[in-house]
Asks: 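Structure in structure tokens, see below.
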Number of protein chains: 2
Amino acid sequence: MKNDSMVCDEFCPHPQMIHAAQDIMPTQKEMSALADTFKIFGDVSRMKIICALLGGEMCVCDISLLLGMTQSAVSHQLRLLRNAFLVKTRREGKSVFYSLDDDHIYSIINQGLVHIRHTSKEENHHD
Amino acid sequence: MKNDSMVCDEFCPHPQMIHAAQDIMPTQKEMSALADTFKIFGDVSRMKIICALLGGEMCVCDISLLLGMTQSAVSHQLRLLRNAFLVKTRREGKSVFYSLDDDHIYSIINQGLVHIRHTSKEENHHD
DNA sequence: TTAACAAATGAACAATTATTCATATGTTCA
DNA sequence: TGAACATATGAATAATTGTTCATTTGTTAA
């Protein structure tokens with residue numbers, strides 16, 4: 001949190017680059033919210049749950065069976081997904097059906113897929 | 001990892017939904033890679049670094065000064081970003097300039113912004 | 001109402017991870 | 001070469017977090 005002797009002195013930095021960056025950067029609040037959102041995508045169990053819902057709604061026990069996770073673990077993760085507005089619920093009798101909250105969730109996953117396919121190519125070249 | 005008494009029995013699940021999901025889901029490897037990638041976006045410090053680079057390349061000490069982080073902390077996070085192919089480097093004398101690796105990084109950030117703006121609206125309604 | 005079941009939740013534990021501090025590497029210029 | 005500086009890295013610590021286990025809530029049907 002502090003910038004003392006270890007950082008370059010006032011002659012090194014490039015003020016115009018710093019100011020340009022400051023102008024373009026989202027607000028602290030937005031960046032914090034962005035990180036919080038992506039953090040939710042950043043766990044394999046949750047990612048599997050999200051992917052399980054790509055085809056449409058499913059109830060908790062379907063998800064448990066499909067992914068081989070306990071009902072409790074799935075439920076805990078679903079709560080985080082719900083708090084982050086990534087999934088929504090619909091109750092039908094004893095079952096609760098979960099589905100992706102909105103279409104741009106698909107866009108985020110798709111962009112992610114574009115990235116990992118792009119990087120796996122890079123890894124093969126490793127240049 | 002085990003599905004025993006706590007999960008609904010064989011009469012509850014909806015096989016057609018489970019099979020539909022299985023057909024659509026990415027592979028285990030892809031889902032794992034997706035989670036790993038989003039995990040990198042899922043930290044405020046790294047998100048700030050990424051946002052700092054939205055306007056163009058910057059050297060490590062510029063980033064430290066701009067974000068009020070120590071050079072060491074920035075460097076550690078830059079390594080993770082580099083390993084995930086999110087940033088690339090260019091050396092110029094003593095300085096190392098970092099920039100976003102590719103254009104679809106912007107797309108991911110933009111999709112994230114769309115989401116958080118969408119959710120902040122939802123939070124106001126809280127319906 | 002009671003039994004049976006699906007889902008949610010709280011506490012505890014284990015594992016992961018971001019930062020700090022100290023030091024090493026690599027580059028430039030005298 | 002040696003001094004100064006920018007960046008990288010290893011080890012240790014503190015904080016965060018995913019899962020498990022036990023229990024509770026909420027729903028249906030007898």
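Residue numbers begin at 1 in each chain, while the letters A, B, ... track the order of the sequences.
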Asks: Ignoring hydrogens and angles, answer whether the base of C/dT20 and the side-chain atoms of B/H76 contain a donor-acceptor pair closer than 3.5 Å.
Replies: yes

Asks: For the side chain of B/Q71 and the base of D/dA6, is some donor closer than 3.5 Å to an acceptor across the two?
Replies: no

Asks: OP1 or OP2 of C/dT19 less than 4.0 angstrom from a side-chain nitrogen or oxygen of B/S45, does that happen here?
Replies: yes

Asks: Among C/dA18, C/dA8, D/dT7, which nucleotide sits nearest the side chain of B/D43?
Replies: C/dA18

Asks: Can a donor-acceptor pair under 3.5 Å be found between the side-chain atoms of A/T70 and the base atoms of D/dC21?
Replies: no

Asks: Measure the distance from CE on A/M69 to P on D/dC21 and round it to the nearest whole Å.
Replies: 14 Å

Asks: Under 3.5 Å, is there an N or O donor on one side and an acceptor on the other linking the side chain of B/S95 and the base of D/dT7?
Replies: no

Asks: Would you say a side-chain N or O of A/R91 is under 4.0 Å from OP1 or OP2 of C/dA6?
Replies: no

Asks: From CZ of B/R90 over to P of D/dA6, roughly how many Å is that when rounded to an integer?
Replies: 16 Å

Asks: Looking only at the side chain of B/K94 (C-beta and beyond, no hydrogens), which of the listed nucleotides D/dG18, D/dA22, D/dA6 gets closest?
Replies: D/dA6

Asks: With no hydrogens and no angle check, is any side-chain donor or acceptor of B/S75 less than 3.5 Å from a backbone partner on B/Q71?
Replies: no

Asks: Considering only side-chain heavy atoms of A/S75, which listed nucleotide, D/dG10, C/dT19, C/dA8, is closest?
Replies: C/dA8

Asks: Let me know the distance between NZ of A/K88 and P of C/dA7, rounded to the nearest Å.
Replies: 18 Å

Asks: Can you check the A/L81 CG to C/dT9 C1' distance for me, whole Å?
Replies: 16 Å

Asks: Heavy atoms from C-beta onward define the side chain here; which of C/dA7, D/dG10, D/dT7 lies closest to that of B/C61?
Replies: D/dT7

Asks: Before giving the answer on ring-ring contact (aromatic ring centres under 6.0 Å, His included), spell out for B/H115 and A/F41 the whole-Å C-alpha distance, their side-chain angles and the decisive distance to 0.1 Å.
Replies: CA-CA 13 Å; B/H115 179 73; A/F41 286 97; 7.2 Å; no

Asks: Nearest to the B/Q77 side chain among C/dA18, C/dA6, D/dA8, which nucleotide is it?
Replies: C/dA18

Asks: Does C/dT17 have its OP1 or OP2 closer than 4.0 Å to a side-chain nitrogen or oxygen of B/K39?
Replies: yes

Asks: Please pick, from D/dT7, D/dT19, C/dA7, the nucleotide with the shortest atom-to-atom distance to any side-chain atom of A/V96.
Replies: C/dA7

